[in-house]
Chemist: 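Structure incoming, see below.
In this chain, residues are counted from 1 in sequence order. If you're wondering where the values come from, they're calculated on a predicted model, not measured in any experiment.
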Amino acid sequence: MKLNPGIITNKLKETKEFYVNKLGFRIVFENDWYILLSTPNGKHEISFLLPDLPSQNSAFQKEYSGFGMYLTIETEDVDLLYSELKKKDLNILLDLKEEEWGDRHFAVSDPNGIGIDFVKYTAPVSA
């Protein structure tokens, strides 16, 4: 099984620009109403689809409302990525932070309002 999350959005152009030009994702497939992107290492994919397409089932018609979803992307060097993305003037939701449960992470928002949590998992801090 392979998970490929899909987001229904009117912001296809802005979303493509964000994921490709800011985060380094690659285009796997694209047409006028759909785009499939992969992470820079090619291991994971995410897709974006325009809403209200007559060719799509009703389950794939309604646009994402902008709340209640986030993505987590694991990275080997979260400090370096944080530094690089700050230079690209992204909307930083959470500055780089070490959590007691073992995450070192920061978060940004994509053009659809989806929070993206970049994380490096470490050992939890002892009590």
Side-chain angles (χ1 to χ4, degrees):
M1 217 181 275
K2 181 179 177 182
L3 177 64
N4 170 347
I7 311 298
I8 300 171
T9 179
N10 263 318
K11 298 177 181 174
L12 212 53
K13 181 179 175 185
E14 300 95 322
T15 300
K16 174 184 165 184
E17 194 278 334
F18 175 82
Y19 281 90
V20 172
N21 296 331
K22 303 287 186 181
L23 301 185
F25 279 49
R26 297 182 306 186
I27 298 170
V28 176
F29 177 81
E30 173 180 29
N31 62 24
D32 293 342
W33 47 269
Y34 177 83
I35 185 166
L36 176 63
L37 303 173
S38 74
T39 53
N41 65 11
K43 291 186 175 180
H44 304 282
E45 295 175 338
I46 186 169
S47 61
F48 298 92
L49 172 73
L50 286 176
D52 303 319
L53 293 171
S55 63
Q56 298 299 311
N57 181 283
S58 62
F60 309 107
Q61 296 279 333
K62 206 169 187 180
E63 185 172 10
Y64 172 69
S65 63
F67 300 98
M69 179 176 185
Y70 67 93
L71 303 171
T72 299
I73 300 176
E74 290 183 46
T75 181
E76 288 296 316
D77 194 337
V78 71
D79 291 75
L80 177 62
L81 184 60
Y82 178 74
S83 174
E84 290 174 356
L85 293 184
K86 280 203 64 132
K87 292 176 189 169
K88 294 182 178 181
D89 199 28
L90 296 182
N91 179 19
I92 304 289
L93 299 175
L94 173 70
D95 283 314
L96 188 60
K97 182 178 182 183
E98 187 97 27
E99 303 288 0
E100 64 185 43
W101 55 83
D103 290 0
R104 182 163 178 78
H105 68 135
F106 69 96
V108 303
S109 177
D110 87 350
N112 305 293
I114 298 169
I116 304 174
D117 190 29
F118 293 95
V119 62
K120 177 169 179 61
Y121 296 116
T122 59
V125 176
S126 299

Chemist: Is the ring pair Phe25/Tyr19 parallel, tilted or perpendicular, if the boundaries are 30 and 60 degrees?
Modeler: perpendicular
Chemist: Ignoring hydrogens and angles, tell me if any N or O in the side chain of Glu45 forms a donor-acceptor pair with the backbone of Thr39 under 3.5 Å.
Modeler: no
Chemist: If I compare all heavy atoms of Ile116 with all of Phe18, which pair ends up nearest, and what's the gap?
Modeler: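 Closest heavy-atom pair between Ile116 and Phe18: CD1-CE2, 3.7 Å.
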Chemist: Roughly how far, to the nearest 0.5 Å, is CD1 of Ile92 from CG of Leu85?
Modeler: 6.5 Å
Chemist: Keeping Asn57 on the side-chain end and Phe60 on the backbone end, is there a donor-acceptor pair under 3.5 Å?
Modeler: no
Chemist: Rounded to the nearest 0.5 Å, what separation is found between the CD1 atom of Ile7 and the CG atom of Asp110?
Modeler: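 Rounded to the nearest 0.5 Å, the CD1-CG separation comes out at 7.5 Å.
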Chemist: Which pair of non-hydrogen atoms, one from Ile8 and one from Ala59, has the smallest distance, and what is that distance?
Modeler: CD1-O, 4.4 Å
Chemist: State which residue, out of Glu99, Lys97, Lys120, fulfils the side-chain hydrogen bond (donor to acceptor under 3.5 Å, both in side chains) condition with His105.
Modeler: Glu99
Chemist: Say whether, by atom type as modelled, one donor and one acceptor occur between the side chain of Glu74 and the main chain of Tyr121 under 3.5 angstrom.
Modeler: no
Chemist: Could you give me the CA-CA distance, side-chain angles and deciding distance for Lys2 and His44, then say whether side-chain contact (heavy atoms from CB on, under 4.5 Å) is met?
Modeler: CA-CA 9 Å; Lys2 181 179 177 182; His44 304 282; over 6 Å; no
Chemist: Hey, what do you get for NZ (Lys11) to CD (Glu17), rounding to the nearest 0.5 Å?
Modeler: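 Answer rounded to 0.5 Å: 13.5 Å.
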Chemist: What verdict does the side-chain contact (heavy atoms from CB on, under 4.5 Å) test give for Leu80 and Thr75, after you've listed the backbone C-alpha separation in whole Å, the side-chain angles of each residue and the deciding distance to 0.1 Å?
Modeler: CA-CA 10 Å; Leu80 177 62; Thr75 181; over 6 Å; no
Chemist: Distance from Ile35 atom CD1 to Ile27 atom CD1, nearest 0.5 Å?
Modeler: 4.5 Å
Chemist: Report the distance from atom CG of Leu23 to atom CG of Leu71, rounding to the nearest 0.5 Å.
Modeler: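 Separation between the atoms: 10.0 Å.
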Chemist: Please report the C-alpha distance between Asp79 and Arg104 in whole Å, then the side-chain angles of each, then the deciding distance to 0.1 Å, and finally whether the salt bridge (Lys or Arg N to Asp or Glu O under 4.0 Å) criterion is met.
Modeler: CA-CA 9 Å; Asp79 291 75; Arg104 182 163 178 78; 2.7 Å; yes
Chemist: Provide the closest heavy-atom pair for Pro111 versus Glu14 in the form atom of the first, atom of the second, distance.
Modeler: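 Result for this residue pair: CG-O, 3.5 Å.
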Chemist: As a quick check of understanding, evaluate side-chain contact (heavy atoms from CB on, under 4.5 Å) for Lys16 and Phe48, giving each step before the final call.
Modeler: CA-CA 9 Å; Lys16 174 184 165 184; Phe48 298 92; over 6 Å; no
Chemist: Please report the shortest heavy-atom distance between Val108 and Leu93, naming the atom on each side.
Modeler: O-CD1, 3.4 Å
Chemist: In the single-linkage hydrophobic clustering (I, L, V, M, F, W, Y; side-chain heavy atoms under 4.5 Å), do Met69 and Leu94 co-cluster?
Modeler: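 Each belongs to a different hydrophobic cluster.
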Chemist: Quick one: pull up OG1 in Thr9 and CG in Leu49 and give me the separation to the nearest 0.5 Å.
Modeler: 9.5 Å
Chemist: Take Glu98 and Thr122 through the side-chain contact (heavy atoms from CB on, under 4.5 Å) test and state the conclusion after the steps.
Modeler: CA-CA 9 Å; Glu98 187 97 27; Thr122 59; 3.5 Å; yes
Chemist: Identify the heavy atoms of Leu12 and Leu50 that sit nearest to each other, and give their distance.
Modeler: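 For Leu12 and Leu50, the tightest heavy-atom pair comes out as CD2-CG, 3.9 Å.
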Chemist: Closest approach of Asn112 and Tyr64, non-hydrogen atoms and distance?
Modeler: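 Smallest interatomic distance, heavy atoms only, reads O-CE2, 3.5 Å.
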Chemist: Contact between Tyr82 and Asp95 at the side-chain level, heavy atoms closer than 4.5 Å - yes or no?
Modeler: yes
